[in-house]
Amino acid sequence: MRILPLASIICLLIVDLARSQAIETTMKADAGLYRPILLGGGPTALINQIDTADLMKKGQKDAAIMFSCSVLKTGEVVWSGTYRGTPDSKLLEQELHKKMAPAAGAKFIPAIYKGVPVDAIYYGTVTFAIVSGKPRFRIFSNQQANELEKENDFVGPQPFFGGDSKFNGIHYPTKEAPVKVDGVVELHLKIDADGNLQDIKVSAEKPPFLGFAEAAMSDFKNAKFIPAFRDGKPVACDVTLPVFYKAPDFDIRTGQ
């Protein structure tokens with residue numbers, strides 16, 4: 001799996017402290033027809049649950065890690081996973097896992113599709129740094145390197161369950177293999193401003209020839225998405241989406 005380049009991480013970390021910790025500055029909770037999963041505010045918001053002072057005390061250095069989670073229409077997290085962390089991100093990863101466990105009570109603002117709340121998948125990137133002796137923690141609602149480097153107000157598209165969408169989660173490939181292993185597929189997606197999938201291609205598959213690419217295409221080919229948002233407005237986008245397969249089979253909606 002590809003590690004986010006260090007130069008990109010440095011770009012993410014040298015920002016003005018006065019700026020919002022989460023890039024969704026122009027998004028409103030009552031956005032209307034479409035709304036992506038948002039971090040929100042208050043004591044249950046993930047960004048306010050992370051103990052940055054404790055991370056600094058334990059010795060966490062500059063780091064970044066990507067994650068995804070399944071968020072119900074109630075805003076509750078039922079499953080989460082982390083990946084593509086920088087070399088020194090272990091403590092940050094542990095804290096993220098701890099605070100995103102269902103029992104921890106972190107909540108998001110749920111997604112809306114055509115005016116109706118829906119269960120959906122959130123893709124995010126977190127960064128941590130020590131600046132002038134103080135911890136700085138940020139969450140970005142996308143995993144696109146070019147968007148992260150520029151700190152754009154961009155929320156990536158989110159596949160959702162039910163309604164018009166035929167997305168039913170992630171399913172481990174049925175192809176027989178001598179040993180069941182984890183796999184990852186990178187899908188290149190073109191999605192219009194209404195969340196319709198216009199094109200889907202496999203950009204990478206690791207390990208190859210075990211059916212992971214076929215499984216990813218099958219899992220996502222009939223999905224619909226909460227569209228990407230730029231500066232608070234739905235937009236068409238080209239994105240690369242990592243799809244992770246854990247052995248044995250599990251349901252990304254329930255984590256089981």
List the steps and the verdict of side chain to side chain contact (heavy atoms under 4.5 Å, CB included) for Glu186 and Val202.
CA-CA 6 Å; Glu186 290 189 358; Val202 173; over 6 Å; no
Within this structure, what is the NZ-CD1 distance for the pair Lys73 and Ile37, rounded to the nearest 0.5 Å?
12.5 Å
What distance separates Leu39 CG from Arg138 CZ, expressed to the nearest 0.5 Å?
11.0 Å
Please report the C-alpha distance between Lys201 and Asp199 in whole Å, then the side-chain angles of each, then the deciding distance to 0.1 Å, and finally whether the side chain to side chain contact (heavy atoms under 4.5 Å, CB included) criterion is met.
CA-CA 7 Å; Lys201 296 178 181 177; Asp199 190 38; 3.2 Å; yes
Is the closest side-chain donor-acceptor distance between Tyr245 and Asp219 under 3.5 Å?
yes
Gap between atom CG of Leu92 and atom NZ of Lys58 - 0.5 Å precision:
11.5 Å
Just checking, is any N or O donor in the side chain of Thr82 or His97 under 3.5 Å from an acceptor N or O on the other one?
yes
Given 3.5 Å as the limit, does a donor-acceptor pair link the side chain of Asn48 with the main chain of Pro43, or not?
no
Side-chain heavy atoms under 4.5 angstrom apart, residues restricted to Ile, Leu, Val, Met, Phe, Trp, Tyr: same cluster for Val235 and Tyr34?
no
Heavy-atom distance under 4.5 Å between the side chains of Ile65 and Glu93, does that happen here?
yes
For the pair Lys150 and Gln144, evaluate side chain to side chain contact (heavy atoms under 4.5 Å, CB included) and give the outcome as yes or no after the intermediate values.
CA-CA 10 Å; Lys150 298 175 182 178; Gln144 309 308 305; over 6 Å; no
All side chain to side chain donor-acceptor pair (under 3.5 Å) counterparts of His188, not counting sequence neighbours
none
Only one of Tyr172, Tyr83, Phe212 clears ring-ring contact (aromatic ring centres under 6.0 Å, His included) with Phe244; which?
Tyr83
Please check if any side-chain donor atom of Asp192 sits under 3.5 Å from a side-chain acceptor atom of Gln198, or the reverse.
yes
Out of curiosity, does Leu189 fall in the hydrophobic cluster containing Val184 (side-chain heavy atoms, cut-off under 4.5 Å, transitive links)?
yes
Are any non-hydrogen side-chain atoms of Cys237 and Pro157 less than 4.5 angstrom apart?
yes
Classify the side-chain pair Thr125/Gln143 by whether it contains a donor and acceptor separated by less than 3.5 Å.
no
Indicate, with yes or no, if the rings of Phe167 and Phe225 have centres closer together than 6.0 Å.
no
Apply side chain to side chain contact (heavy atoms under 4.5 Å, CB included) to the pair Leu187 and Val185, showing each step before the final yes or no.
CA-CA 6 Å; Leu187 292 177; Val185 177; 4.0 Å; yes
Measuring from atom CE of Met66 to atom CG of Asn142, what distance do you get when rounded to the nearest 0.5 angstrom?
8.0 Å
Donor + acceptor pair across side chains of Ser141, Tyr122 (<3.5 Å)
yes
With rounding to the nearest 0.5 angstrom, report the NZ to CG distance, Lys166 to Asn222.
8.0 Å
Under 3.5 Å, sequence neighbours excluded: what are the donor-acceptor pairs made by side chains of residues 98-117?
| residue | atom | partner | partner atom | Å |
| --- | --- | --- | --- | --- |
| Lys99 | NZ | Gln49 | O | 2.7 |
| Lys99 | NZ | Glu95 | OE2 | 2.9 |
| Lys107 | NZ | Thr74 | O | 3.4 |
| Lys114 | NZ | Asp164 | OD2 | 2.9 |

Would you say the ring centers of Tyr123 and Phe67 fall short of 6.0 Å from each other?
no
Measure centre to centre between the rings of Phe137 and Phe128, then say whether the value is under 6.0 Å.
no
